Amino acid sequence: MRVAPLIELTESEIRTLRRWARGGQTAARLMNRAKIILLAAQGERNDTIAQKLAIDRKQASRWRIRFVEKRLAGIEKDLPRGGRKPRKREQVAALIIETTTQTKPANATHWSTRTMGAKLGIDKSMVHRVWRDSGLKPHLSKTFKVSNDKKFIEKVVDVVGLYLNPPEHALVLCADEKTSVQALDRTQPGLPLVKGRLGTMTHDYKRNGTTTLFAALEMAEGSVIATCMDRHRHQEWIKFLNLIDRQTPAALDLHLIVDNYATHKHPKVKAWLKRHRRFHFHFVPTSSSWLNLVERWFRDLTDKRIPRGVFNSVAELMAAINAYVEHHNNDPKPFVWTAKADDIIAKYRRAIAVLDKVRTA
């Protein structure tokens, strides 16, 4: 009789196996296998394990051996099963991929499994399997914009340099406006969140006005200087710069990362900068707001405070924003930039090359 291999577990393996054995989101098959290994590690024999788990003795032996050979990976997934090769799929896969990527249906912008199946005279499930295996998802799309800024590379090097190697005796601030923040009141009260039901709010609303949020994210500590104003002209931008001037140590230079909005380049703003020599503007490339980290903070504000809020007036909206800023500044956490300028520029050049190829095709 074959002797069952002895099993010794590491602390990490024990934690993982216990988590799998508890079930919850774990598949039943994996839960059973984890229990087999845990019992085997306690010195139980295969026949004892089979009796305790109400399984076949050969099953306990099989997963015990696979764990010894490949550890956790050996029991996490089933071994590839046999069967005949999908010859028909092999014959039509190239045609499906070519038709999907190189053509469009006559009455739509993209193919579905049904329209592709009808076009090629095959079953829609065949199309689905080829798309799945090839990673094609014609029903999905996402937006993009490659910057056409002639100084893209120069600006990326400048801004990323500030993120990765900030100057001494200076503060780096990412500044921008979030315009037209709406004070929305729902037409009916939302239903509360209860077990088995999402929280709800009406699709229609009453608009009670808007405000513009000016914010500057300080890179080193993650604190935010922010204020709300009615409009977003150069006059309001200068007021915000004065606020930054008052709320930062006077002995430090200030390097502000901003976008190319015309307000930021207004002649009166330039005149203000000449009178305040410690301010230095660094412009991100056009169509590259993702390079300004304050946009990441704006996303948090939007996700956590604005969309589900109910505001009967602009004053209520402003109070909610100010409370969010205060709460954030009580325990600020910086956003850490990790992407290197060379990697961004290489990706940009690849995108430009692809676009050029599409334009000339």
Side-chain angles (χ1 to χ4, degrees), residues 16 19-34 36 55-56 58-59 62-63 66-67 69-70 72-146 190-191 193-204 287 290 299 302-303 307-308 346-361:
T16 301
R19 175 164 53 83
W20 289 347
R22 285 196 296 270
Q25 300 297 320
T26 306
R29 288 178 296 179
L30 182 56
M31 180 177 66
N32 243 12
R33 295 167 194 172
I36 292 171
I55 59 175
D56 186 79
K58 292 182 179 179
Q59 184 179 352
R62 178 170 65 251
W63 292 112
R66 286 190 191 174
F67 181 84
E69 292 174 348
K70 296 186 178 180
L72 293 175
I75 68 169
E76 188 171 5
K77 295 182 179 179
D78 294 336
L79 291 178
R81 297 182 180 179
R84 65 180 179 84
K85 292 185 177 180
R87 293 180 180 177
K88 186 176 181 181
R89 192 196 310 179
E90 290 180 352
Q91 295 170 355
V92 300
L95 180 59
I96 292 173
I97 293 171
E98 181 182 358
T99 306
T100 304
T101 57
Q102 304 299 323
T103 68
K104 292 182 180 180
N107 62 338
T109 59
H110 59 278
W111 294 101
S112 69
T113 55
R114 288 179 174 82
T115 56
M116 177 66 70
K119 169 75 174 178
L120 301 180
I122 57 178
D123 190 81
K124 64 182 180 65
S125 61
M126 177 75 72
V127 178
H128 170 73
R129 287 193 291 270
V130 172
W131 282 357
R132 180 196 60 200
D133 295 344
S134 304
L136 291 173
K137 300 177 181 179
H139 62 293
L140 299 178
S141 67
K142 61 181 180 180
T143 59
F144 83 102
K145 178 66 180 292
V146 179
L191 299 178
L193 179 69
V194 297
K195 184 178 180 181
R197 186 183 71 199
L198 301 176
T200 65
M201 57 184 179
T202 60
H203 68 276
D204 55 344
S287 306
W290 49 268
R299 191 189 80 177
T302 302
D303 289 347
R308 299 189 191 183
K347 186 175 182 180
Y348 165 76
R349 285 173 171 158
R350 290 196 299 270
I352 289 293
V354 172
L355 281 179
D356 289 343
K357 187 181 295 184
V358 171
R359 292 191 186 106
T360 56

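The first residue of the sequence shown is numbered 1, and numbering continues consecutively from there. In this text the structure is predicted, and so the values were computed from the model without any measurement.
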Determine whether Leu120 and Val92 satisfy the following criterion, side-chain contact (heavy atoms from CB on, under 4.5 Å), listing intermediate values before the conclusion. CA-CA 9 Å; Leu120 301 180; Val92 300; over 6 Å; no
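Contact of the Val146 side chain with the Val354 side chain is not registered, since no non-hydrogen atoms from C-beta on lie closer than 4.5 Å.
Shortest non-hydrogen contact noted between Ile36 and Trp63 is CD1-CD1, 4.2 Å. Residues Ala34 and Ala21 share a closest heavy-atom pair of CB-N, 3.9 Å.
Summarising the geometry, atom CG belonging to Asp356 is positioned 13.0 Å from atom CZ belonging to Arg349; distances are rounded to the nearest 0.5 Å. One distance of note links OG1 of Thr103 with NE2 of His110; it measures 13.0 Å at 0.5 Å rounding. How far CG of Leu191 is from CZ of Arg197: 5.0 Å, rounded to the nearest 0.5 Å.
The side chain to side chain donor-acceptor pair (under 3.5 Å) check on Thr101 picks up nothing, with sequence neighbours excluded.
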For residues 128-143, which side-chain N or O atoms pair as donor and acceptor with protein atoms under 3.5 Å away, sequence neighbours left out?
| from | atom 1 | to | atom 2 | distance (Å) |
| --- | --- | --- | --- | --- |
| Trp131 | NE1 | Thr100 | OG1 | 2.9 |
| Asp133 | OD2 | Arg89 | NH1 | 2.6 |
| Ser134 | OG | Val130 | O | 2.8 |

